[in-house]
Amino acid sequence: MFTGIIETVGIIKEIKKEHDNLHITISASITPELKIDQSVSHNGICLTVVAIDKDNYTVTAIKETIQKTNMGAWQVGDVVNLERAMKLGDRLDGHIVQGHVDQTGVCKFIEEANGSWYFTFEYDRKQNNLTIEKGSITVNGVSLTVVNSKLNEFSVAIIPYTFEHTNFKSFQIGTQVNLEFDVVGKYVARLHQLYV
């Protein structure tokens with residue numbers, strides 16, 4: 001379980017394919033504090049640490065994870081948002097994030113707004129996910145508030161701190177991102193399916 005408050009970013013150092021799996025090695029400032037079997041969110045994807053070597057650690061992703069996320073497009077040198085699992089008793093500064101990506105979305109529009117930014121993302125509505133105005137959404141692991149919610153798109157406002165301390169600063173029109181929809185939104189979508 002995560003909060004969507006990014007601790008730091010990591011840099012992908014190596015990607016190895018083994019059958020249907022990917023072994024991804026990442027360099028990050030939090031590596032010395034990690035342990036084998038620990039869960040870490042990578043752009044919103046919960047992955048288990050399987051090896052640690054100095055400042056680098058390795059995680060493994062299976063076929064289903066690769067298919068549901070933007071992980072298949074990751075390359076050596078890419079920057080990923082990182083968050084370790086929350087501790088019981090900590091403040092929940094973002095929202096409840098499972099680390100289970102629902103689907104990907106695509107950056108459709110970026111607008112600078114006097115020191116902050118608005119990012120608009122489009123997603124495939126056929127997967128029955130939806131956003132709620134002023135509800136929560138996780139984009140590449142970042143807990144954000146939805147603005148301008150539509151049937152297959154939404155926007156988020158990014159403050160300078162988030163822009164500088166996450167991989168949002170590398171987004172361009174067409175960038176594919178991982179989306180985890182709010183648990184409340186998932187519940188509403190399910191009710192909509194059952195009764196409409």
Review point. Is there a donor in the side chain of N152 and an acceptor in the side chain of D124, or the other way round, less than 3.5 Å apart?
Key: no
**Study point:** Check against ring-ring contact (aromatic ring centres under 6.0 Å, His included), F154 and F121
**Key:** CA-CA 6 Å; F154 64 92; F121 298 97; 5.7 Å; yes
Point to revise | ILVMFWY network linking V40 to V50, side-chain heavy atoms under 4.5 angstrom | key: no
Study note, to complete from the structure: Those residues at least two apart in sequence (or on a different chain) that pass salt bridge (Lys or Arg N to Asp or Glu O under 4.0 Å) with E18 are none
Review point. Can you check whether E7 reaches L82 side chain to side chain, under 4.5 Å on heavy atoms?
Key: no
**Study point:** Closest non-hydrogen atom pair between E14 and K16, with its separation
**Key:** OE2-CE, 3.4 Å
Check your understanding: Do the side chains of I12 and I24 get nearer than 4.5 Å, heavy atoms only?
Key -> yes
Practice item. Using the test ring pair (Phe, Tyr, Trp, His ring centres under 6.0 Å), find all partners of Y57 that sit at least two apart in sequence or belong to another chain. Key: H42
Check your understanding: If you measure from CZ on F168 to CD1 on I6, what distance do you get to the nearest 0.5 Å?
Key -> 9.0 Å
Review point. In chain order, what residues pass the side-chain hydrogen bond (donor to acceptor under 3.5 Å, both in side chains) check against T65, with sequence neighbours excluded?
Key: none
**Study point:** Nearest atoms (heavy-atom pairs only) where S170 meets T175
**Key:** O-OG1, 4.4 Å
Check your understanding: Checking side-chain contact (heavy atoms from CB on, under 4.5 Å) for the pair V97/M1: CA distance, chi angles, key distance, verdict?
Key -> CA-CA 6 Å; V97 177; M1 200 70 75; over 6 Å; no
Point to revise | With F163 via ring pair (Phe, Tyr, Trp, His ring centres under 6.0 Å) - residues at least two apart | key: W117
Review point. Any luck finding a side-chain donor-acceptor pair between N81 and N167 under 3.5 Å?
Key: yes
Revision key, fill the gap. To the nearest 0.5 Å, atom CZ of F171 lies from atom CD of Q176 at 11.0 Å
Exercise for review: Answer with yes or no whether the hydrophobic clustering places V101 together with V80; edges join I, L, V, M, F, W, Y residues whose side-chain heavy atoms lie under 4.5 Å apart.
Suggested key: yes
Exercise for review: To the nearest 0.5 Å, tell me how far K35 NZ sits from R84 CZ.
Suggested key: 10.5 Å
Point to revise | S155: side-chain hydrogen bond (donor to acceptor under 3.5 Å, both in side chains) partners, not counting sequence neighbours | key: T120
**Study point:** Which residues share a side chain to side chain contact (heavy atoms under 4.5 Å, CB included) with L151, sequence neighbours left out
**Key:** R125
**Study point:** T131: side-chain hydrogen bond (donor to acceptor under 3.5 Å, both in side chains) partners, not counting sequence neighbours
**Key:** S149
Check your understanding: I15 and V49: same hydrophobic cluster, using ILVMFWY side-chain contacts below 4.5 Å?
Key -> yes
Exercise for review: Heavy atoms only: give me the nearest A28-P32 pair and the separation to one decimal.
Suggested key: O-CD, 4.3 Å
Review point. Is there side-chain contact between K13 and V76, with heavy atoms separated by less than 4.5 Å?
Key: no
Review point. Which atom names give the shortest non-hydrogen contact between I66 and A61, and what distance separates them?
Key: CD1-O, 3.8 Å
Point to revise | Heavy-atom check, side chain of C46 versus side chain of S41, under 4.5 Å | key: no
Review point. Can you tell me if T3 and E83 form a side-chain donor-acceptor pair at under 3.5 Å?
Key: yes
Practice item. Test T138 against L144 for side-chain contact (heavy atoms from CB on, under 4.5 Å), laying out the working first. Key: CA-CA 6 Å; T138 307; L144 298 164; over 6 Å; no
Review point. Measuring from S27:OG to K54:NZ, what's the distance to the nearest 0.5 Å?
Key: 12.0 Å
Study note, to complete from the structure: Those residues at least two apart in sequence (or on a different chain) that pass side-chain hydrogen bond (donor to acceptor under 3.5 Å, both in side chains) with T58 are T25
Check your understanding: With distance as the sole test, does E180 use its side chain to make a donor-acceptor pair with the main-chain N or O of I137 at under 3.5 Å?
Key -> no
Check your understanding: Which residue pairs satisfy the ring pair (Phe, Tyr, Trp, His ring centres under 6.0 Å) criterion with at least one member in residues 122-151, sequence neighbours excluded?
Key -> Y123-F181
Point to revise | Sequence neighbours excluded - side chain to side chain donor-acceptor pair (under 3.5 Å) pairs with any residue from residues 66-79 | key: N70-W74, N70-N178
Exercise for review: Using salt bridge (Lys or Arg N to Asp or Glu O under 4.0 Å) as the criterion, list what pairs up with K150, not counting sequence neighbours.
Suggested key: E153
Revision key, fill the gap. Across all chains, not counting sequence neighbours, the ring pair (Phe, Tyr, Trp, His ring centres under 6.0 Å) partners of H165 are Y161
Check your understanding: Hey, is the main chain of G4 close enough, under 3.5 Å, to the side chain of S143 for a donor-acceptor pair?
Key -> no
Review point. Given the rule in the side-chain contact (heavy atoms from CB on, under 4.5 Å) test, do I132 and V146 qualify, once you have shown the distances and angles that lead to the verdict?
Key: CA-CA 7 Å; I132 299 170; V146 172; over 6 Å; no
Revision key, fill the gap. d(L47 CG, I26 CD1) to nearest 0.5 Å is 7.5 Å
Check your understanding: Roughly how far, to the nearest 0.5 Å, is the CD1 atom of I11 from the CG atom of N56?
Key -> 10.0 Å
Exercise for review: For residues I173 and I110, determine if any side-chain heavy atom of one lies less than 4.5 Å from a side-chain heavy atom of the other.
Suggested key: yes
Exercise for review: List the atom of Y118, the atom of A157, and the distance in Å for their closest heavy-atom pair.
Suggested key: CE2-CB, 3.7 Å
Review point. Do V177 and V106 have side-chain heavy atoms sitting under 4.5 Å apart?
Key: no
Check your understanding: K134 and V147: side-chain contact (heavy atoms from CB on, under 4.5 Å), yes or no, with the steps?
Key -> CA-CA 6 Å; K134 304 297 185 249; V147 295; 4.0 Å; yes
**Study point:** Side-chain donor-acceptor pair present, N129, Q103, cut-off under 3.5 Å
**Key:** yes
Check your understanding: Is any side-chain heavy atom of L22 closer than 4.5 Å to a side-chain heavy atom of M71?
Key -> yes
